Amino acid sequence: KMSDYIYSIEAKEVNKTFKKKTKETIALNNFNIEIKKGSIHGLLGPNGAGKSTFINILGGLVKKDNGNVSICGLDIDKNSKKSKFKIGIVPQELNIDPFFTPYELLELQAGLYGIKKIKRKTNEILSNVGLIDQKNSYARTLSGGMRRRLLVAKALVHSPEMLILDEPTAGVDVDLRRSLWNYIKEINKSGTTICLTTHYLEEAEELCDRITIINNGQIIKDDTKNNLLKLISNKTVLFQIQSNIILPNELKIFNPNIEDGYLKMTYDKNSTSLKEIIDILNKKNILFNEIKTYESDLEDIFLKLVQSS
Ligand code: ADP
């Protein structure tokens, strides 16, 4: 019955308000989310959106006011200890004791989880994250990338079914970012569900199957990455027209709109080329002086969604 669940994370109507003397901050407001088993799921949102609060609820560091949360099919209130064993959380900050070696650090962590010596997989995990040669080096001698991988290793000590990564590549250079991405994909391929928070839209685009955009403690968009990218394949073109025109029927599919002397249309760059539109204008003898095009990216869509929420 171990894998008898569809969602690695399921949250229903979760609320969390932080109270400090006179000030109250609503961090999560009727928050709902479903993270499918086996997926890589991205949580996106501006600072203060509520991402860390949600992760901290999953990790048992923050207590929700109400609502239901289950991890791998286990309700966190009814099965608080068991559900904690199902996830590993990789924190953002690199607070590794500099005088521990990777081997010692993982052994210590295994001890905290009460894993018996013979059941520990310290060397196997260190090999998997590419730190076996550094197993006896002090953490302070490790490079930034190695430290990140050590944090991942630490979160994998108890063989969790799900790994949660908080900004896994924040402040990391481009090459290292790519190698961490590949590493995250490998962990996922081996059967571990992944949830990550990120500021980098490129990271979400590269890794995630599904993306949830959060703002003000609420979900403002939750869709597959591919559907979100479809929104991005829309291009806008503006033709500065010379006189008032009658719009030909052939242009109707591009949602034409005339404003301030410009004919504005949108089209899907995957199915239409700008040349096709220009050919129609030429055929209909519609004269124009200037052409401007705009392409939206995930950033635009993100900003639009956040601003309108
Ligand atoms: P994110 O991780 O998306 O940046 P957070 O979950 O950290 O967002 O924060 C959500 C809101 O809750 C913010 O307004 C933040 O200031 C507030 N908040 C988070 N943790 C605490 C806390 N321990 N005490 C008071 N307010 C908090």
Side-chain angles (χ1 to χ4, degrees), residues 8-35 39-71 76-77 80 83-84 87-95 148 151-152 154-155 160 162-172 177 180 184 193-223 225 228 298-309:
S8 295
I9 300 290
E10 208 175 349
K12 284 196 184 115
E13 303 288 306
V14 174
N15 289 288
K16 176 67 195 177
T17 301
F18 289 102
K19 298 182 182 81
K20 266 187 187 165
K21 285 178 187 161
T22 55
K23 204 177 153 224
E24 284 198 355
T25 309
I26 300 173
L28 293 176
N29 186 357
N30 286 324
F31 186 83
N32 295 290
I33 196 169
E34 286 169 343
I35 298 179
S39 66
I40 303 186
H41 195 117
L43 297 182
L44 261 73
N47 268 331
K51 305 181 294 292
S52 306
T53 301
F54 183 61
I55 288 176
N56 287 335
I57 288 171
L58 296 175
L61 298 171
V62 165
K63 207 171 149 22
K64 60 184 165 56
D65 299 334
N66 52 45
N68 293 306
V69 175
S70 64
I71 299 173
I76 61 165
D77 298 323
S80 91
S83 64
K84 257 178 232 155
I87 51 168
I89 299 183
V90 183
Q92 216 182 104
E93 71 275 17
L94 301 172
N95 59 348
R148 296 247 170 196
L151 285 172
V152 174
K154 203 176 150 196
M162 171 164 205
L163 196 63
I164 297 176
L165 301 134
D166 195 4
E167 295 277 349
T169 65
V172 157
R177 179 166 298 162
L180 285 166
I184 291 168
T193 307
I194 307 266
C195 171
L196 58 95
T197 71
T198 185
H199 271 84
Y200 301 107
L201 295 158
E202 198 195 341
E203 182 159 282
E205 204 170 320
E206 173 75 26
L207 290 178
C208 299
D209 306 311
R210 200 175 179 95
I211 295 171
T212 302
I213 301 175
I214 303 169
N215 195 29
N216 295 323
Q218 282 181 314
I219 287 174
I220 53 173
K221 189 91 189 171
D222 177 87
D223 212 334
K225 175 184 64 193
L228 286 172
L298 203 47
E299 185 91 40
D300 286 333
I301 290 180
F302 179 72
L303 288 174
K304 233 181 257 167
L305 288 168
V306 167
Q307 279 157 9
S308 67
S309 71

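Every value quoted in this text rests on a predicted model; they were computed, and no experiment measured them. Both ligands and their constituent atoms are indexed starting at 1 by order of listing.
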Are the side chain of T197 and the backbone N or O of E167 linked by a donor-acceptor pair below 3.5 Å? yes
From I213 CD1 over to Q218 CD, what is the distance, rounded to the nearest 0.5 angstrom? 14.5 Å
Has R177 got a side-chain atom pairing as donor or acceptor with T169's backbone, closer than 3.5 angstrom? yes
Output yes when a side-chain donor or acceptor of N56 lies under 3.5 Å from a complementary backbone atom of V62, and no otherwise. no
Let me know which protein residues bring a heavy atom to under 4.0 Å of ligand 1; chain then number is fine for ordering. F18, K20, T25, A27, P46, N47, G48, A49, G50, K51, S52, T53
Any side-chain donor near an acceptor of the partner, N30 and N15, under 3.5 Å: yes
Does the structure place the NZ or CZ of K16 under 6.0 Å from the centre of the six-membered ring of F18, at an angle of no more than 45° from the ring's axis? yes
